[in-house]
Number of protein chains: 2
Amino acid sequence: MTQLPTVDDVARVANVSRQTVSNVLNSPGIVKPTTRGRVEAAIAELGYRPHASARRLRTRQSSTIGVRLDPVTNGISGSVLDRYLHALTEQAAERGMRIMLFTANDLVDEIDQYRTLRDGADVDAFVVTATRHADPRIDWLTAERVPFVSFGRPWGADMDAANHLWVDVDGFAGHYEATRHLIGRGHTRIGYIGWPAGSGTGDERRRGWAVAMNEAFGLDEAELELLTTRTEEGVPEARRLIETMFAAEHDLEALVCVSDSVALGAMMAVNEAGRRSFPVIGFDNTPVAQAVGLSSVEQRLDQVAAATLELLMGATGRRVLPPGEKRPGDEEGAADMRHRLVTPKLVVRRSSHLAPVEETESADAGIAPAGRHHREEMQ
Amino acid sequence: MTQLPTVDDVARVANVSRQTVSNVLNSPGIVKPTTRGRVEAAIAELGYRPHASARRLRTRQSSTIGVRLDPVTNGISGSVLDRYLHALTEQAAERGMRIMLFTANDLVDEIDQYRTLRDGADVDAFVVTATRHADPRIDWLTAERVPFVSFGRPWGADMDAANHLWVDVDGFAGHYEATRHLIGRGHTRIGYIGWPAGSGTGDERRRGWAVAMNEAFGLDEAELELLTTRTEEGVPEARRLIETMFAAEHDLEALVCVSDSVALGAMMAVNEAGRRSFPVIGFDNTPVAQAVGLSSVEQRLDQVAAATLELLMGATGRRVLPPGEKRPGDEEGAADMRHRLVTPKLVVRRSSHLAPVEETESADAGIAPAGRHHREEMQ
DNA sequence: CACGAAAGTTTGATCGTTCAAATTACAAGT
DNA sequence: ACTTGTAATTTGAACGATCAAACTTTCGTG
């Protein structure tokens with residue numbers, strides 16, 4: 001192996017100039033078909049591949065998106081970021097982009113990383129996850145005009161800030177659908193287990209349940225509050241809670257839970273209490289939910305990933321758009337396309353009890369990851 | 001914001017030459033301390049950061065490691081790769097390296113990706129996961145002399161191939177310890193639920209159980225086989241299996257399971273059968289195991305990540321070593337340092353039954369991810 | 001004090017690509 | 001044939017860093 005071929009080598013073989021080769025690669029439209037054919041043949045013959053770093057140096061673009069891995073593994077719902085990452089990597093590749101990972105210990109450190117990656121021309125844009133209220137990272141990125149999208153709404157006044165692009169899953173719609181499903185099956189006393197009030201995500205999910213309950217049975221907020229309990233995330237916590245809940249509310253018929261962890265705890269407690277046919281619905285459709293047959297609301301992370309890239313690069317673009325730019329692909333007056341809410345989908349399983357071994361879930365076959373096969377395991 | 005500062009700008013301010021600035025950055029040792037101080041001051045003053053792509057172009061190194069995300073989400077054990085990725089990203093950063101992700105649809109496609117990434121000088125090395133028997137990727141990487149490490153042994157004749165670096169978790173040791181633990185608690189009839197024979201990983205784990213049982217009770221392979229059942233991965237599968245198993249083997253006292261999925265299935269079946277105090281131990285220590293209080297064998301993925309980087313870059317190096325090179329840090333005749341087996345660790349929980357709400361696991365506080373807090377969830 | 005070696009610093013060239021401007025080829029219109 | 005305009009192609013320069021070699025300073029030694 002002597003040396004990797006360069007544009008010059010290709011040019012020599014195809015009997016054209018450097019730049020023409022470059023054009024064939026980057027704007028094939030402006031090269032005469034005959035010539036293009038010759039160049040493409042030469043490329044194939046030599047097995048030429050562009051040197052990514054040289055291109056980046058010249059164009060000042062890295063074709064890379066930076067994603068920070070959260071510092072803590074995320075319990076039972078950890079696979080959410082995992083699946084998002086996967087979808088993002090896959091779809092980014094289709095647009096010629098790559099995903100680069102990094103970690104940070106705290107928000108200050110994270111901003112420092114942003115700066116290094118940006119200045120080093122390592123990445124063109126960032127995806128920010130786990131956004132907080134009044135997030136300093138958002139402020140920095142906005143002020144520096146670094147392109148970014150957050151997965152998660154900025155819960156606060158700045159929710160509609162023109163230059164903050166975000167994608168999120170519509171938790172409201174998810175639990176609205178879940179609750180409608182239960183109502184449709186004839187249940188009326190449907191409880192809710194949520195996180196402590198104040199978490200935007202949690203509140204929004206509960207609102208889905210609340211609105212559905214109100215529409216169906218005209219319950220007011222006070223009555224709804226009686227059907228609600230709140231707990232920190234975690235299976236054992238939820239379990240204890242449900243036990244006390246059962247003691248108090250004897251006529252409960254079903255539960256909608258803010259997460260699969262909580263739902264799993266609930267399910268175990270329900271089972272323990274010997275109550276059969278007691279539906280429990282979670283959120284996230286984690287592998288555990290699938291494993292134990294828990295109904296859950298599936299975040300469609302491929303759609304979230306697609307939306308992320310659309311916001312960053314336009315509908316079909318192959319490069320990151322400068323922030324605050326009018327985005328091509330935004331047809332006419334199409335509302336402001338600065339954020340996307342992805343509607344999740346209820347996956348129904350027989351989650352009423354742990355007991356019966358359930359039939360294989362043929363109904364789920366179409367749903368993205370739920371229908372996929374388990375693989376043996378990384379080996 | 002006019003323009004990002006370059007080495008030349010720093011040089012001008014510090015009143016030295018380009019190259020001296022470069023030296024301060026890359027080999028501070030050869031620069032006179034006085035000068036170095038001046039340069040560092042200038043760097044700080046201007047907020048200079050090296051342009052990664054320019055450096056890469058010149059040095060032909062990317063300081064980036066490519067990792068392929070598996071095409072299928074991995075059920076309940078999906079978090080294993082996730083946690084490995086995290087540890088790898090973190091530790092790579094400490095050595096000035098980055099992690100880049102990519103996906104591929106099949107092995108051929110994956111090799112094509114390798115080629116593009118390598119030729120484009122996008123990555124210096126690869127981490128290969130989910131290795132198969134007689135893996136074409138390994139052959140290609142070896143033939144092309146591309147540095148790589150596989151997470152997972154090459155189960156086959158080439159296990160000791162000199163130029164194939166690999167890291168793996170010692171499944172044997174894991175289930176040996178698990179079984180010893182059960183024996184120590186007085187159990188004698190300990191069953192094993194494994195994967196179908198032939199999967200290297202699965203066979204190795206079972207061997208840990210088998211050896212422990214043989215040492216303690218002198219059982220021969222025929223007798224061990226009677227205590228073994230095999231199933232495909234998956235909770236419902238395992239559950240059905242255990243039910244039939246109970247019918248046949250009435251004196252079973254405990255179970256060691258090849259994975260957490262299988263263990264969860266077993267646990268549910270056990271619970272269903274109304275058997276209390278029936279210990280079940282899994283493998284992977286997934287979040288689910290923690291959530292439902294299942295004992296499991298924890299892969300120490302931070303150690304796996306550390307070993308990965310050591311093989312790739314030497315004990316403390318900051319760049320990827322050419323494959324087949326004698327690796328600095330290999331003290332004297334220290335056996336061949338071309339692979340590492342990381343010993344996993346048993347995490348004991350009250351996994352005998354689903355019933356009692358367990359006390360918080362203070363005992364686990366020291367164990368890496370098991371002791372960490374759940375976070376609310378990505379929002 | 002002069003000499004040579006080592007330490008410290010600078011200079012010119014280069015990595016492989018794309019940009020911007022210049023050049024040539026080709027077609028249509030008078 | 002001759003301009004004129006557009007399409008197609010080529011040329012020189014630049015992106016920001018490091019390498020290799022040349023140069024200058026410092027220091028130890030006979």
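Letters A, B, ... are given to chains in the order of the sequence lines, protein chains preceding strands, and every chain is numbered from 1.
Residues satisfying the side chain to side chain contact (heavy atoms under 4.5 Å, CB included) test with B:Thr6, not counting sequence neighbours, are B:Asp8, B:Asp9.
Taking only side-chain nitrogens and oxygens, A:Ser17 comes nearer than 4.0 Å to OP1 or OP2 of D:dT10. Contact annotation: A:Ser22 reaches the phosphate of C:dT18 (side-chain N/O to OP1 or OP2, under 4.0 Å). OP1 or OP2 of C:dG16 has at least one side-chain nitrogen or oxygen of B:Arg60 nearer than 4.0 Å.
When rounded to the nearest whole Å, the span between CG of B:Leu57 and P of D:dA17 equals 12 Å. The separation between A:Gln61 atom CD and C:dT17 atom P is 16 Å, rounded to whole Å. Between A:Arg12 atom CZ and D:dT11 atom P there is a gap of 13 Å when expressed in whole angstrom units. C:dG16 atom P lies 18 Å from atom CZ of B:Arg55, rounded to whole Å. Note: CG (A:Asp122) to P (D:dA17) measures 12 Å, nearest angstrom. Atoms CG (A:Leu4) and P (C:dG16) sit 8 Å apart, rounded to a whole Å. What separates NE2 of B:His51 from P of C:dC15 is a distance of 19 Å, to the nearest Å. The CG atom of B:Asn15 sits 13 Å away from the C1' atom of C:dT10 (whole-angstrom rounding).
B:Thr308 and B:Tyr84 are linked by a side-chain donor-acceptor pair at a separation below 3.5 angstrom, with hydrogens and angles left out of the test. Side-chain N/O atoms of A:Ser62 and A:Asp122 include no donor and acceptor closer than 3.5 Å. Under the 3.5 Å distance criterion, with hydrogens and angles disregarded, no donor-acceptor pair is assigned to the side chains of B:His86 and A:Thr103.
For B:Arg18, taking side-chain heavy atoms from C-beta onward, the closest of the listed nucleotides D:dT18, D:dT11, D:dA17 is D:dT18. Distances were taken from every side-chain heavy atom of B:Asn23 (C-beta onward) to each of D:dT9, C:dT10, D:dC19; the shortest belongs to C:dT10. With distances taken from any side-chain atom of A:Val16 to the nucleotides C:dT10, D:dT10, D:dT18, the minimum falls on D:dT10. In the set C:dA13, C:dG16, D:dT10, D:dT10 carries the atom at the smallest distance from any side-chain atom of A:Gln19. Here the nucleotide nearest the side chain of A:Ile30, chosen from D:dT9, C:dC15, C:dT17, is D:dT9.
Note on B:Asn26: only backbone sugar-phosphate atoms sit closer than 4.0 angstrom, heavy atoms only; bases stay farther off. Counting non-hydrogen atoms under 4.0 angstrom, B:Thr20 reaches a base of the nucleic acid.
Near-neighbour residues of DNA chain C inside residues 31-46 of chain B, defined by a heavy atom below 4.0 Å, number-ordered: B:Val31, B:Lys32, B:Thr35.
Salt-bridge formation is not detected for the pair A:Asp109/A:Arg68: no Lys NZ or Arg NE/NH1/NH2 atom is positioned less than 4.0 Å from an Asp or Glu carboxylate oxygen. Ion pairing between a basic and an acidic side chain is recognised when a charged N comes within 4.0 Å of a carboxylate O; A:Asp135 and A:Arg137 show such pairing. Using a cut-off of 4.0 Å between Lys/Arg side-chain N and Asp/Glu carboxylate O, B:Asp112 and A:Arg49 are scored as salt-bridged.
In terms of polar N and O atoms assigned as donor or acceptor, the side chain of A:Arg58 never comes within less than 3.5 Å of the base of C:dT17 in a complementary pairing. Looking at A:Arg56, its side chain has no donor and acceptor atom pair within 3.5 Å of the base of C:dG16.
Taking the six-membered ring where the residue is Trp, A:Trp166 and A:His339 present parallel rings, their angle staying beneath 30° rather than reaching 60°.
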